[in-house]
Amino acid sequence: MNDKYEYIKNIDFTRFKTGLRTVLCGELRNDSVGTDIKVCGWVNRRRDHGKLIFIDLRDFSGIIQVVTDSNINEAVYNIAKDIRTEYIVAVEGKVSARTPETINRDLPTGEIEIKADKISVLSQSKTPPFMLDSRDRVDEMARLKYRYIDLRTAEMQSNIRLRHEVTTLTRNYLNENGFIEVETPILAKSTPEGARDFLVPSRLNPGNFYALPQSPQLFKQILMFSGFDRIYQIARCFRDEDLRADRQPEFTQIDLEMSFVGMDDVISLIEGLLQKLFKKALDLNLNTPFQRLSWKKSMEKFGSDKPDLRFGLEIHDITEIFSRSQFNIFINVINKGHCIKCLKIEDAGDFTRKDMDNFVDMAKKYGAGGLIWIKVENNNQFNSPVAKFLLPDEKEKLKDIFSLKENDLLLIVADDFYKACYSLGAIRSYLGKKLNLIDEEGFIFAWVVDFPLFEWDEQEKHFSPVHHPFTSPSADTLEFLEKDTLKVNSLAYDIVLNGAEIGGGSIRINDIEVQRRIFKILGFDDKRIEENFGFFLRSLEHGAPPHGGIALGMDRLIMLMAGLESIREVIAFPKTQSAYCMMTESPSPVTELQLQEVFIKLSGIKNIHDKKVKS
RNA sequence: GGAGCUGUCGUCUAGUGGUUUAGGACACGUGCCUGUCACGCACGAGGUCGCGGGUUCGAAUCCCGUCAGCUCCGCCA
C-alpha cells in the first residue's frame with residue numbers, strides 16, 4: 001500500500017475529538033462500520049458522477065471518501081454539487097463498508113466510506129494556484145509564494161513533522177542526561193570576525209545597535225561559569241552571508257555546553273543522541289562509535305574537511321615520483337615545498353576531451369592553478385597534453401603504483417597542499433555522483449578532529465581561527481602559540497554525515513591568560529578586546545570550569561534524514577537565495593517616521609521601491 | 001563580488017527567424033453521466049511569450065541590458 005501519511009505515528013486519535021468532529025480522516029478502518037461520525041477536512045478531490053458525488057476529504061492524518069447520492073439525500077447532494085477543491089467542509093454521516101469491487105487498495109481507509117447525512121461548508125477556497133499532488137513538478141517560486149498551500153502537501157507535512165520529532169527527541173534525550181534548556185538573548189552584541197551580523201538599531205540608545213546572535217556561544221560558556229553544569233538550546237542563529245541550498249540567513253542549531261568534560265565526553269553524548277534520533281525517527285540502527293579521522297588525513301585522502309565516506313576514490317600523493325622532473329610546473333611546485341596530488345579513475349574510456357576540459361575548469365574554480373590529465377590508451381601509451389615532459393622512469397613508476405591499464409585516467413594537480421587536495425576533492429565528489437559510486441540509502445558518520453587552531457588569511461593578512469576564538473589549543477601544541485602559530489592544533493571536532501558538516505564543537509579555553517594570548521594572535525589590540533570581549537574576559541576570571549560543547553546544524557541534519565537536497569524543504573517559511581520571503585514580501589521599506597525613531601538616514605540606495613515589483 | 005542554468009495561459013510544457021490567429025496536457029467554467037477514486041464524455045474561457053532596448057521586411061525565437069528564481073565559487077568565527 002502506498003501510504004503518503006506514514007509520518008502519522010503513535011498518535012492518540014481521541015485527543016483530536018472536538019465539538020466539530022468525532023474522528024480524523026485517516027483514523028477509520030472497517031471496525032467502525034455502522035457508527036455515526038462527524039469529520040472535518042479539506043476537499044482533496046471531488047468526483048461528480050451525475051446523481052452521485054464522491055468527495056475525498058483530507059486532514060493531516062489522511063484521506064477518507066465521502067459519498068452523496070441524490071436519490072438518498074437530495075439536500076446534501078445539492079450542497080456537494082457546489083463544493084470545490086480545497087473547500088473546508090464538515091461532514092456528518094455513517095461509516096459504511098465498500099462493496100468488494102469498490103475497495104481502494106491505495107488508501108488505508110479504502111475499505112470504507114462515509115455516507116453523508118449532512119455537509120456544511122466551513123470555508124470556501126479560490127482555485128489553488130497549483131495542484132497539491134503535482135507539487136514536486138511546480139516551480140519553487142510558486143510554492144514559496146503560496147507556502148500555506150505547499151505546506152498542505154503530504155511531503156511538507158512529513159518534513160515539518162519529522163522536524164518536530166527531532167526537536168522533541170533531542171529535548172527528551174538531553175533532559176535525561178541532566179541538561180536544562182536556557183534561553184539567551186536574541187538582541188545580542190555585535191562581535192568582530194566571523195560572519196556578517198544582522199544589526200538592530202536601538203531607539204533608546206541612539207546610534208547604537210544590537211546584533212542578532214550568530215550563535216549563543218558566549219552565553220553558553222558563561223552559563224557554565226554560572227554553575228548550571230549542562231545547558232542546551234534549540235537555538236535560532238543569524239548570519240548575514242550569501243545563501244546556498246544548505247544555508248539560510250536564519251537557521252537552527254542544537255546547541256549545548258557541558259562542564260568538566262573532555263572531547264570524548266561530548267562525542268559520546270552526541271553519538272548517543274544521533275543513535276536515538278535515527279532509531280526513533282527512521283528506525284535505523286547506527287553503529288557507534290563513529291570513525292574519527294584527523295583534519296590532515298581528511299584533506300589528504302578526500303580533499304575536504306567534510307568527506308563523503310560513502311565511496312572510495314581516494315587522493316594519492318605522487319610528489320616523490322617527480323623529484324627529478326624536467327617539467328617546469330612540477331619543478332616549481334616541488335621547489336616551493338608544495339606537492340603533487342592525483343586521483344585515479346578506472347574504466348574512464350567514456351570520458352571525452354570535453355570532460356577533460358571540464359576537469360581543468362573545475363580544478364581552477366576550486367583554486368588550483370590547473371590540472372593535468374593522463375589517459376592510458378591501448379598498449380599502455382599515455383595520452384596527455386604533458387606526455388612529452390614525462391621521463392620514462394616517471395611513467396613506469398606511475399604505471400607501477402597505480403597498476404595502470406587501458407582506459408584508466410589520472411587527474412593530477414600540482415599546487416600547495418590545501419589547493420591540490422581541495423580541488424581534487426571537489427572533483428572526487430563530482431565523480432562520486434556522476435559514476436554512481438554512492439549508496440543513497442546509507443548514512444556514514446565521521447568525526448573530524450585535530451584541526452589546526454588558526455589559518456592564515458591571505459586577504460586580510462592576519463591569523464584567523466579555524467573554529468572560533470574560544471577554542472582551546474591542544475596541550476601538546478600550546479607551546480607553539482606565538483613561535484609557530486600554524487602548528488598549533490585545537491581541541492575542536494566536527495561531525496560529518498555523507499559529505500556535509502552537520503555540527504562542530506570544541507573544548508573551550510577556561511584560562512584567561514590563554515584567551516588573552518589568542519586574541520593577541522588574532523590581531524586584536526587591548527582597546528578592541530575590551531570593547532568586544534571585556535564582559536567575557538571578566539566572566540572568565542571569576543572561576544570558569546573546564547568546559548566544552550557542540551552545535552548541530554539541525555536543518556541540515558533533518559534534510560539528510562529526509563533524503564532531501566535543500567534545507568528549504570524542512571523549514572516552514574524559508575527565504576530565497578536573495579534572502580527574500582516570497583510569501584510576506586520581506587524585507588520591505590519602512591516609513592520615514594520609523595527610520596527617524598531609530599536615527600537612521602538612508603543613503604546610496606537607488607530604486608528602493610523598484611525592486612521586487614513582480615507577478 | 002563572480003560563473004552557469006532557467007523564465008511561454010493558474011500549473012507543467014511544445015515551439016530555436018515566416019499559415020503561429022502561440023499548440024497540448026492538467027486545472028478552471030458550463031452541460032451530460034449512479035461506484036468513481038488522477039472518474040469519463042462534450043463544449044468553452046484563459047497567454048502584452050519576465051521587463052526594456054536593439055537587429056530584421058518580419059522576433060516567443062537572434063543580440064544587448066535589466067529583474068527574478070535555482071545551482072555553484074568567493075563568503076559562511
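Proteins get letters first, then strands, A, B, ... in listed order; numbering begins at 1 in each.
Look at B:U21: it lacks any Watson-Crick or wobble partner with both distances under 3.5 angstrom. With a cut-off of 3.5 Å on both pairing distances, the Watson-Crick or G-U wobble partner of B:C62 is B:G54. Applying the Watson-Crick and G-U wobble criteria (two distances, each under 3.5 Å), B:A68 pairs with B:U6. In this entry B:C49 has no Watson-Crick or G-U wobble partner, no candidate having both defining distances under 3.5 Å. With both pairing distances under 3.5 Å, B:A27 is matched to nothing as a Watson-Crick or G-U wobble pair. Using Watson-Crick or G-U wobble geometry with both donor-acceptor distances under 3.5 Å, B:G74 finds no partner in any strand shown. Across all strands shown, B:C32 is found opposite B:G40 as a Watson-Crick or G-U wobble partner, with both distances under 3.5 Å.
Judged by distance alone with a 3.5 Å cut-off, a donor-acceptor contact links the side chain of A:Asp242 to the base of B:G74. Residue A:Glu113 places a side-chain atom within donor-acceptor reach of the base of B:G35, judged by atom type and a 3.5 Å distance cut-off alone. Taking 3.5 Å as the limit, the base of B:C33 and the side chain of A:Asp48 contain a donor-acceptor pair of atoms between them. The base of B:C75 is paired with the side chain of A:Arg247 by a donor and an acceptor separated by under 3.5 Å. A donor-acceptor contact under 3.5 Å is formed by the side chain of A:Arg98 with the base of B:C37. For A:Arg244 against B:G74, a side-chain N or O and a base N or O form a donor-acceptor pair under 3.5 Å. At a cut-off of 3.5 angstrom, counting only N and O atoms as typed in the model, there is a donor on one side and an acceptor on the other between the side-chain of A:Lys115 and the base of B:G35.
With A:Tyr87 as the aromatic partner, A:Arg84 does not meet the cation-pi criteria of under 6.0 angstrom to the ring centre and within 45 degrees of the ring axis. With A:Phe480 as the aromatic partner, A:Lys487 meets the cation-pi criteria of under 6.0 angstrom to the ring centre and within 45 degrees of the ring axis.
Annotation: A:Lys575, atom NZ; neighbour count of heavy atoms from other residues, nucleotides and ligands within 6.0 Å is above 12. No more than 12 heavy atoms of other residues, nucleotides or ligands sit less than 6.0 Å from atom OH of A:Tyr210. Residue A:Trp42 places its CH2 atom among 12 or fewer non-hydrogen atoms of other residues, nucleotides or ligands, all under 6.0 Å distant. More than 12 non-hydrogen atoms from other residues, nucleotides or ligands lie less than 6.0 angstrom from CD of A:Glu531.
Counting to the nearest Å, the P atom of B:C76 and the CG atom of A:Asp494 are 15 Å from each other. A:Glu585 places its CD atom 12 Å from the P atom of B:G69, with the value rounded to the nearest Å. Rounded to an integer number of Å, the gap from A:Ile567 CD1 to B:C70 C1' is 15 Å. For the pair A:Asp133 CG and B:A27 P, the computed distance is 9 Å after rounding to whole Å. Counting to the nearest Å, the P atom of B:C67 and the CE atom of A:Met582 are 15 Å from each other. In this structure, CD of A:Glu460 is placed 13 Å from C1' of B:G74, rounded to the nearest angstrom. Atom OH in A:Tyr366 sits about 12 Å away from atom C1' in B:G4, given to the nearest Å. One can place CD1 of A:Ile149 at 17 Å from P of B:A27, the figure rounded to the nearest angstrom.
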- Task: Mind running side-chain contact (heavy atoms from CB on, under 4.5 Å) on A:Ile88 and A:Val121 for me, showing each step along the way?
- Result: CA-CA 6 Å; A:Ile88 300 171; A:Val121 174; over 6 Å; no
### Query
Does the salt bridge (charged side-chain N to carboxylate O under 4.0 Å, His left out) test come out yes or no for A:Arg152 and A:Glu86, once each step is laid out?
CA-CA 10 Å; A:Arg152 290 178 194 171; A:Glu86 297 304 308; 2.7 Å; yes
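Ring centroids of A:Phe463 and A:Trp456 are separated by less than 6.0 Å, placing the two rings close together.
At the heavy-atom level, A:Pro469 lies under 4.0 Å from base atoms of the strands shown. Among the protein residues, A:Phe251 comes within range of no part of the nucleic acid, since none of its heavy atoms lies under 4.0 Å from any strand. Note on A:Ser464: nothing from the nucleic acid sits closer than 4.0 angstrom, heavy atoms only. Among the heavy atoms of the strands lying under 4.0 Å from A:Thr85 are primed sugar atoms or P, OP1, OP2 only; no base atom is included. When heavy atoms are screened at a 4.0 angstrom cut-off, A:Phe470 is found touching no nucleic acid atom at all. Base engagement by A:Gln217 is indicated by at least one non-hydrogen atom pair under 4.0 Å involving a base atom.
Minimum atom distance to the side chain of A:Lys365 is reached by B:C72, of the listed B:C72, B:C70, B:C76. Nearest nucleotide to the A:Phe54 side chain, out of B:C26, B:U36, B:G10: B:U36. For A:Arg45, the side-chain atoms get nearest to B:C39 when compared with the rest of B:G35, B:C26, B:C39. Closest to the side chain of A:Asp139, out of B:C76, B:C12, B:A27, is B:C12.
Taking atom C1' on both nucleotides, B:U13 is separated from B:U8 by 9 Å, rounded to a whole Å. Spacing of P atoms, B:G50 relative to B:U56, comes out at 23 Å, to the nearest Å.
A residue-by-residue look at A:His468 and A:Leu52 shows that A:Leu52 has its nearest nucleotide of RNA chain B further toward the 5' end. Mapping A:Glu565 and A:Gln214 onto RNA chain B by nearest heavy atom places A:Glu565 closer to the 5' end of the strand.
At the phosphate of B:C67, neither OP1 nor OP2 sits under 4.0 Å from any side-chain N or O atom of A:Tyr580. Checking the phosphate oxygens (OP1, OP2) of B:A68, no side-chain nitrogen or oxygen of A:Thr576 falls inside 4.0 Å. For B:U71, the OP1/OP2 oxygens have a side-chain nitrogen or oxygen of A:Arg568 closer than 4.0 Å. Here A:Arg47 does not reach the OP1 or OP2 of B:U36: none of its side-chain N or O atoms lies under 4.0 Å away. OP1 or OP2 of B:G29 sits under 4.0 Å from a side-chain N or O of A:Arg84. For B:U36, the OP1/OP2 oxygens have no side-chain nitrogen or oxygen of A:Gln65 closer than 4.0 Å. At the phosphate of B:A68, neither OP1 nor OP2 sits under 4.0 Å from any side-chain N or O atom of A:Ser578.
Remark: ring of A:His49 overlaps the six-membered base ring of B:C39 in a stacked fashion, centroids less than 5.5 Å apart, planes less than 30° apart.
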